[in-house]
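These numbers come from a predicted model, not from an experiment.
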Amino acid sequence: MKLDKLFSGFNISAMGLTAQRKRMNAIANNMANAETTKTEDGQPYRRKIVVVKGTSDRSFSSTLSTMTMKLATTNEGHISDAADGTASEGGASGSVQSSEEVDSSPFKMVYDPGHPDANKDGYVKMPNVNVVTEMVDMISATRSYEANVTAIDGAKTMAKDALEI
C-alpha cells in the first residue's frame with residue numbers, strides 16, 4: 001500500500017479544516033466591521049466571503065465510472081486482473097482551494113442625520129454585512145469544522161486498529 005493513500009483521508013480533512021478556518025476568520029472580520037462606515041479607501045467596509053473550489057479536472061461521476069476494485073480471493077477465477085488487494089482511482093486527484101473574495105452587493109442606506117458620514121439628505125452608507133446571515137454562516141462553518149475533526153478522529157482510529165491486526 002502506498003503511504004500517500006494511507007494518509008489521503010487525513011489530507012482531505014485537513015484541507016476542509018483549513019477552508020473552514022478561513023471562513024470563520026472572514027465571518028469574524030465581517031462581524032467586527034458591521035458598523036464601520038469609513039475604511040482606508042473612504043468607503044464603508046465591504047463584506048468578505050470565502051469561496052471554496054475543488055481543483056480536480058474530473059467530475060465525481062467520471063471518477064466513479066473509472067474506479068476499479070481488485071479483490072484478493074483464494075479462487076483465481078473470480079477476478080480477471082492481478083489480485084493485489086488494491087483499489088485504483090483511475091488517476092483521480094485533486095484538492096480544495098479556498099479564496100477570500102469581496103461581496104459586491106450594494107451598501108445599506110440608513111437614515112441618521114446626526115452621523116458624521118451622513119450625506120446631505122441625512123443618509124449614511126452602511127456596510128453590506130447582515131449580522132444574522134453572518135451568525136448562520138458561523139454556525140455552518142463551525143459544524144463543518146467539527147465534521148472534519150470527526151473524520152480525522154475516525155481515520156486515526158482506523159489506522160490504529162489496522163496496526164493492531
Shortest non-hydrogen contact between A19 and V52, atoms and distance
CB-CG2, 4.1 Å
Minimum heavy-atom separation for N130 and V132, please, with both atom names.
OD1-N, 3.0 Å
Just so I know, are the side chains of T18 and K22 near enough to count as touching, which here means a heavy-atom distance under 4.5 Å?
yes
Tightest non-hydrogen contact, residues P113 and A118, listed as O-CB, 4.2 Å
Just wondering, are more than 12 heavy atoms of other shown residues or ligands nearer than 6.0 Å to CD in E101?
yes
Locate the shortest heavy-atom distance separating P44 from T39; write the atom from each residue and the value.
C-CG2, 4.1 Å
Is the shortest heavy-atom distance from the side chain of F107 to the side chain of R46 under 4.5 Å?
yes
Got a sec, which pairs hit ring-ring contact (aromatic ring centres under 6.0 Å, His included) with one end in residues 138-163, sequence neighbours left out?
none
Please tabulate, for the side chains in residues 119-128, all donor-acceptor contacts under 3.5 angstrom to protein atoms that are two or more places apart in sequence or on a different chain.
{"residue": "N119", "atom": "OD1", "partner": "D121", "partner atom": "N", "Å": "3.0"}
{"residue": "N119", "atom": "OD1", "partner": "G122", "partner atom": "N", "Å": "3.0"}
{"residue": "N119", "atom": "OD1", "partner": "Y123", "partner atom": "N", "Å": "2.9"}
{"residue": "K125", "atom": "NZ", "partner": "Q43", "partner atom": "OE1", "Å": "3.4"}
{"residue": "N128", "atom": "OD1", "partner": "R47", "partner atom": "N", "Å": "2.7"}
{"residue": "N128", "atom": "ND2", "partner": "D103", "partner atom": "O", "Å": "3.1"}
{"residue": "N128", "atom": "ND2", "partner": "S105", "partner atom": "O", "Å": "3.2"}
{"residue": "N128", "atom": "ND2", "partner": "S105", "partner atom": "OG", "Å": "3.0"}

Measure the shortest side-chain to side-chain distance between M31 and M135 over non-hydrogen atoms and say whether it is less than 4.5 angstrom.
yes
Verify the cluster assignment for M24 and I139: are they in a single hydrophobic cluster under the rule of side-chain heavy atoms below 4.5 Å apart?
no
Looking at CD1 of I152 and CG of L17, how far apart are the two atoms once the value is rounded to the nearest 0.5 Å?
4.5 Å
Rounded to the nearest 0.5 angstrom, the OG1-OH distance for T37 and Y45 is 14.0 Å
So M138 and R23, side chain to side chain contact (heavy atoms under 4.5 Å, CB included) or not? Walk me through it.
CA-CA 8 Å; M138 183 182 294; R23 266 183 80 196; over 6 Å; no
Any chance CD of E164 has more than 12 other-residue heavy atoms, nucleotides or ligands included, within less than 6.0 Å?
yes
Main-chain N/O of S140 paired with S144 side-chain donor or acceptor, under 3.5 Å
yes
Nearest-0.5 Å distance that lies between atom CG in N33 and atom CD in E35:
10.0 Å
Within the distance-only criterion (no hydrogens, no angle test), does the side chain of K108 pair as donor or acceptor with the backbone N or O of V129 below 3.5 angstrom?
yes
Measure the spacing between CZ of R143 and CG of N148 and express it to the nearest 0.5 Å.
14.5 Å
May I have the step-by-step check of side chain to side chain donor-acceptor pair (under 3.5 Å) for N25 and N29, ending in yes or no?
CA-CA 6 Å; N25 287 342; N29 202 11; over 6 Å; no
